[in-house]
Participant: 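Starting off with a structure, shown below.
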Amino acid sequence: MSYKYFPHTEDDLQAMLQKVGVASMDDLYAEVPAGIRFQGDYQLPSEMSELEVRQLFEKLGTQNQTLTCFAGAGVYDHYTPAVIPQLLQRSEFLTSYTPYQAEISQGTLHYIFEYQSMMTELTGMDISNASMYDGTTAAAEAVMMAVASGKKQNKVLVSETLDPKTLEVIRTYAHFHGIQLEMIAAENGVTSKADMEAKLAEGGVAGVLVQQPNYYGIVEDYSGFADCCHQQKALFMMDSVIADLAVLKTPGEWGADIAVGDGQSLGIPMQWGGPYVGYLCCTEKLIRKMPGRIVGKTVDSRGQRAFVLTLQAREQHIRRQKATSNICSNQSLMALFVTMYCSLMGKQGLKEAAELSYAGAHYLCDELLKTGHFQLVYQQPFFNEFVVRYDGDVDSLQRRWLQHGFFGGVKIADDQIMLAVTEKRTKEEIRQLVETISM
């Protein structure tokens with residue numbers, strides 16, 4: 001046997017090579033040019049005992065620097081109840097795959113159903129799927145839903161106040177699906193209703209996508225936006241930070257047809273790229289255009305409550321252009337995470353966390369303005385995130401914050417920095433952040 005953990009013996013390898021009609025492994029790869037073959041040795045460390053491996057990773061762990069986070073831009077440092085990681089690591093949750101066989105998957109289907117119920121309540125929409133990989137791809141799927149629902153309309157309008165990261169993902173999807181994107185101008189940090197109306201009037205628009213709160217943390221007034229879209233047979237879509245909807249007007253109340261976003265703000269710890277969970281909700285008339293899975297509740301032959309995948313079959317995903325996106329390999333582990341979070345926090349807990357975040361952000365803003373070194377860039381109502389202009393060197397300021405243990409915001413222009421506050425940030429931490437400015 002060539003390798004300790006490979007099951008095939010030399011006889012096995014020879015039998016397989018003989019079956020495909022070649023004499024050796026080199027012959028098998030003969031068509032691969034020698035110039036692109038890897039010729040060197042793999043840069044792998046020597047073997048270690050379990051104790052040595054643990055010591056190595058403990059040593060690496062000491063190099064981590066724990067920072068107090070005042071950055072946001074789509075990912076926020078929210079509180080995670082201690083019980084969630086413990087429950088999430090149970091083997092039946094951590095290893096379960098897509099629950100096609102309802103008769104052996106009732107537990108998984110049940111929590112997915114509860115997840116859907118919670119997302120529809122938070123967004124004010126009729127239907128939720130379960131679920132998307134993250135908020136950016138959920139927004140891209142919403143754009144494709146709008147085009148699929150339109151009558152030969154292939155254009156989607158996107159507000160300039162949308163998160164640039166989300167916009168880049170949408171552009172990638174749109175490019176490969178032949179969708180035309182057009183930006184709606186922003187005025188003083190908010191979406192221009194006049195520019196949207198003018199672009200809608202040109203015709204061919206399948207949908208309009210906006211964000212609430214927007215990328216700059218501003219709470220926009222979308223009064224009349226849905227009516228303008230619907231008059232032109234276009235869908236109105238809203239991307240929201242889901243935790244903020246505990247106190248803000250919901251997408252459903254704004255008249256949105258599709259609501260999307262990331263569920264990270266519901267207690268999922270900040271991580272370098274995830275895993276996170278995207279939510280996608282819509283009105284009932286769009287349910288058959290929705291990608292991913294939908295779990296329904298019914299009764300079995302004995303009259304007992306049962307949960308099943310509904311409205312689509314696994315085979316639909318091979319229908320190419322006529323199929324919705326295949327999200328079947330999403331194991332919904334993060335959907336379970338936010339379901340447990342919402343259950344533990346409850347309506348009042350979600351509301352209190354949002355209100356604390358709002359109050360903390362406004363307190364930080366006031367304290368920064370008092371220093372005389374900052375100005376609000378946009379004179380608009382904001383939630384837990386805001387943009388200020390600094391009269392010094394932003395890079396130098398952020399380095400100073402790092403030296404004192406703070407992840408101080410996101411630089412979005414040479415003289416502008418965006419800061420976020422969550423319920424985890426204390427007044428003492430805020431005061432310490434402000435005090436370091438003059439050090």
Participant: Minimum heavy-atom separation for Gly296 to Thr310, with atom names?
Facilitator: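 Between these two residues, the closest heavy atoms are N-CG2, 3.9 Å.
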Participant: Could you tell me whether a side-chain N or O of Glu423 sits under 3.5 Å from a main-chain N or O of Tyr79, the two making a donor and an acceptor?
Facilitator: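 Yes; at least one donor-acceptor contact below 3.5 Å.
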Participant: Using side-chain heavy atoms (C-beta onward) and a distance below 4.5 Å, is Thr191 in contact with Asn214?
Facilitator: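 Sidechains of Asn214 and Thr191: no contact.
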Participant: Are the side chain of Gln416 and the backbone of Ile412 linked by a donor-acceptor contact shorter than 3.5 Å?
Facilitator: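 Not confirmed, Gln416 side chain does not pair with Ile412 backbone.
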Participant: Only one of His78, Met119, Met118 forms a side chain to side chain contact (heavy atoms under 4.5 Å, CB included) with Leu266, so which one is it?
Facilitator: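 With Leu266 as partner, His78, Met119, Met118 yield a single side chain to side chain contact (heavy atoms under 4.5 Å, CB included), made by Met119.
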Participant: Within the 4.5 Å heavy-atom criterion, are Ser332 and Tyr111 side-chain neighbours or not?
Facilitator: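 They are in contact (side-chain heavy atoms under 4.5 Å apart), so the answer is yes.
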Participant: Can you tell me how far SG of Cys69 sits from CG of Leu67, rounded to the nearest 0.5 angstrom?
Facilitator: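 Spacing of CG (Leu67) from SG (Cys69) equals 8.0 Å.
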Participant: Just so I know, are the side chains of Phe386 and Leu419 near enough to count as touching, which here means a heavy-atom distance under 4.5 Å?
Facilitator: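 Yes - at least one pair of side-chain heavy atoms lies under 4.5 Å apart.
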Participant: Taking the side chain as everything from C-beta on, heavy atoms only, tell me whether Gln398 gets closer than 4.5 Å to Lys411.
Facilitator: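 Yes, at least one pair of side-chain atoms sits under 4.5 Å.
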Participant: Distance-only, no hydrogens or angles: does the Arg305 side chain make a donor-acceptor pair with backbone N or O of Lys297 under 3.5 Å?
Facilitator: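 Not confirmed, Arg305 side chain does not pair with Lys297 backbone.
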Participant: For Glu187, look at atom CD and say whether over 12 heavy atoms of other residues, nucleotides or ligands are found less than 6.0 Å away.
Facilitator: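 Not buried by this count: 12 neighbours or fewer within 6.0 Å.
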Participant: Look at the side chain of Ser357 and the backbone N and O of Asn384, then say whether any donor-acceptor pair between them is shorter than 3.5 Å.
Facilitator: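 Not a single qualifying donor-acceptor pair exists.
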Participant: So does Gln232 have more than 12 non-hydrogen atoms from other groups sitting under 6.0 Å from CD?
Facilitator: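 Counting other residues, nucleotides and ligands, CD of Gln232 exceeds 12 neighbours.
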Participant: Start with the C-alpha distance between Asp195 and Lys199, add both sets of side-chain angles, then the distance that settles salt bridge (Lys or Arg N to Asp or Glu O under 4.0 Å), and finish with yes or no.
Facilitator: CA-CA 6 Å; Asp195 191 49; Lys199 287 181 168 64; 2.8 Å; yes
Participant: CZ of Phe225 to CZ of Phe236: how many Å apart, nearest 0.5 Å?
Facilitator: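 Going from the CZ atom of Phe225 to the CZ atom of Phe236 covers 6.5 Å.
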Participant: Does atom OH of Tyr363 have more than 12 heavy-atom neighbours from other groups under 6.0 Å away?
Facilitator: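 It does: Tyr363 OH has more than 12 such atoms within range.
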Participant: Any carboxylate oxygen within less than 4.0 angstrom of a Lys/Arg side-chain nitrogen, looking at Lys155 and Glu182?
Facilitator: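 Counted as a salt bridge, because a side-chain N and a carboxylate O are separated by less than 4.0 Å.
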Participant: Is the side chain of Gln65 donor-acceptor paired with the backbone N or O of Leu402 at a distance under 3.5 Å, no angle test?
Facilitator: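 Yes, Gln65 side chain to Leu402 backbone: donor-acceptor pair under 3.5 Å.
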Participant: Do Asp77 and Arg425 meet the salt-bridge criterion of a basic N to acidic O distance under 4.0 Å?
Facilitator: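 Salt bridge present between Arg425 and Asp77.
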Participant: Are His230 and Asp257 close enough that a side-chain donor and a side-chain acceptor fall under 3.5 Å?
Facilitator: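 The answer is yes; a qualifying pair exists.
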Participant: Fit a plane to each ring of His362 and Phe382, take the angle between them on a 0 to 90° scale, and name the class: parallel (under 30°), tilted (30 to 60°) or perpendicular (over 60°).
Facilitator: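 Judged by the thresholds at 30° and 60°, the geometry between His362 and Phe382 is parallel.
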Participant: Between the side chains of Gln180 and Asn154, does any donor sit under 3.5 Å from an acceptor?
Facilitator: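 Their side chains do not contain a donor-acceptor pair, so the 3.5 Å distance test is not met.
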Participant: Count the heavy atoms of every other residue, nucleotide or ligand shown that sit under 6.0 Å from OH of Tyr42, and state whether that count exceeds 12.
Facilitator: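 Check fails, neighbour count at 12 or below.
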Participant: So do the side chains of Ile127 and Cys281 get within less than 4.5 Å of each other, counting heavy atoms only?
Facilitator: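 Not in contact.
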Participant: Going by an N to O cut-off under 4.0 Å, is there a salt bridge joining Lys347 and Glu121?
Facilitator: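 Judged by the 4.0 Å cut-off on N to carboxylate O distance, Lys347 and Glu121 do form a salt bridge.
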Participant: Is it the case that atom CD in Glu47 sees more than 12 heavy atoms from other parts of the structure closer than 6.0 Å?
Facilitator: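 12 or below, so no.
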Participant: For a quick check under 3.5 Å, do Glu52 and Ser49 share a side-chain donor-acceptor pair by atom type?
Facilitator: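 Yes, side-chain donor-acceptor contact under 3.5 Å.
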Participant: Please answer whether the main-chain N or O of Val260 pairs with a side-chain N or O of Tyr279 as donor and acceptor at a distance below 3.5 Å.
Facilitator: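 Here the side-chain-to-backbone pair exists.
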Participant: Can you find a pair of side-chain heavy atoms, one from Gln212 and one from Tyr222, that are under 4.5 Å apart?
Facilitator: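 Yes, close enough: below the 4.5 Å cut-off.
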Participant: Measure the shortest side-chain to side-chain distance between Arg399 and Ser396 over non-hydrogen atoms and say whether it is less than 4.5 angstrom.
Facilitator: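 Yes, close enough: below the 4.5 Å cut-off.
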Participant: For the residue pair Pro291 and Met132, what are the closest heavy atoms and their distance?
Facilitator: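 Result for this residue pair: CG-CE, 4.0 Å.
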Participant: Verify the neighbour count for atom CG of Asp414: are there more than 12 heavy atoms of other residues, nucleotides or ligands below 6.0 Å?
Facilitator: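 Check fails, neighbour count at 12 or below.
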Participant: Strictly by modelled atom types, are Gln380 and Tyr378 linked by a side-chain donor-acceptor pair under 3.5 Å?
Facilitator: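 Checked: Gln380/Tyr378 side chains show no N/O donor-acceptor pair below 3.5 Å.
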Participant: Establish, from distance only, whether the side-chain atoms of Tyr76 and Glu385 form a donor-acceptor pair under 3.5 Å.
Facilitator: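 Judged by distance alone, the side chains do pair up.
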Participant: Kindly say whether Tyr173 contributes a backbone atom to a donor-acceptor pair with the side chain of His177 at under 3.5 angstrom?
Facilitator: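 Answer holds: yes.
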Participant: Donor-acceptor pair, Glu160 side chain versus Met183 backbone, under 3.5 Å?
Facilitator: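 Checked: no pair found.
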Participant: Go through the steps to decide whether Glu253 and Lys249 satisfy the test salt bridge (Lys or Arg N to Asp or Glu O under 4.0 Å), and finish with yes or no.
Facilitator: CA-CA 6 Å; Glu253 291 174 307; Lys249 194 173 180 179; over 6 Å; no
Participant: Determine whether a donor-acceptor pair (N or O, by modelled atom type, separation under 3.5 Å) exists between the side chain of Trp254 and the backbone of Ser223.
Facilitator: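 The answer is no, because no donor-acceptor pair under 3.5 Å joins these two groups.
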Participant: Is a salt bridge present between Lys165 and Glu168, judged by a nitrogen-to-oxygen distance below 4.0 Å?
Facilitator: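 Result for this pair is no, no salt bridge flagged.
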Participant: In Å and rounded to the nearest 0.5 Å, what is the CD1 to CD distance from Ile170 to Glu141?
Facilitator: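 Ile170 CD1 to Glu141 CD: 11.0 Å, rounded to 0.5 Å.
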Participant: Does any donor atom in the side chain of Gln211 or Ser159 lie under 3.5 Å from an acceptor atom in the other side chain?
Facilitator: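 No pair is found: no donor N or O on one side chain lies under 3.5 Å from an acceptor on the other.
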Participant: Can you check whether Tyr276 reaches Tyr133 side chain to side chain, under 4.5 Å on heavy atoms?
Facilitator: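 They are not in side-chain contact.
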Participant: Nearest 0.5 Å please: distance from the CG atom of Leu245 over to the CG atom of Leu122.
Facilitator: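 One finds 6.5 Å between CG of Leu245 and CG of Leu122.
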Participant: Can you tell me if CZ on Arg54 sees more than 12 non-hydrogen neighbours from other groups inside 6.0 Å?
Facilitator: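 It does not: Arg54 CZ has 12 such atoms or fewer within range.
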Participant: Can you name the nearest heavy-atom pair linking Tyr341 to Pro81, along with the distance?
Facilitator: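 That closest heavy-atom pairing would be CD1-CD, 3.7 Å.
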Participant: Please determine whether side-chain hydrogen bond (donor to acceptor under 3.5 Å, both in side chains) holds for the pair Thr161 and Glu220, giving the CA-CA distance in whole Å, both sets of side-chain angles, and the decisive distance to 0.1 Å.
Facilitator: CA-CA 10 Å; Thr161 66; Glu220 295 201 36; 2.9 Å; yes
Participant: Write down the atom of Val205, the atom of Val208, and the distance for their closest heavy-atom approach.
Facilitator: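 So the two residues come closest at CG1-CG2, 4.4 Å.
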Participant: Taking everything shown except Glu428 itself, do over 12 heavy atoms lie less than 6.0 Å from its CD?
Facilitator: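 Yes, because the 6.0 Å sphere around CD of Glu428 holds more than 12 heavy atoms from other groups.
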Participant: How long is the span from the OG1 atom in Thr120 to the CG atom in Asp126, to the nearest 0.5 Å?
Facilitator: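 If I round to the nearest 0.5 Å, the distance is 8.5 Å.
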Participant: Determine the minimum heavy-atom distance between Asp262 and Val277, stating which atoms define it.
Facilitator: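 Nearest pair, atom of Asp262 first, then Val277: OD1-O, 3.2 Å.
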Participant: Parallel, tilted or perpendicular, judged at 30° and 60°: which one describes the rings of Phe307 and Phe113?
Facilitator: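 Phe307 vs Phe113 ring planes: tilted.
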Participant: Where is the tightest heavy-atom contact between Leu200 and Ala234, given as atom of each residue plus distance?
Facilitator: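 Result for this residue pair: CD2-CB, 4.1 Å.
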Participant: So, Gln432 versus His404: side-chain donor-acceptor pair below 3.5 Å or not?
Facilitator: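 On atom types as modelled, these side chains do not qualify, holding no pair under 3.5 Å.
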Participant: Determine whether the side chains of Thr426 and Arg431 contain a donor N or O and an acceptor N or O closer than 3.5 Å.
Facilitator: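 Result is no, nothing qualifies.
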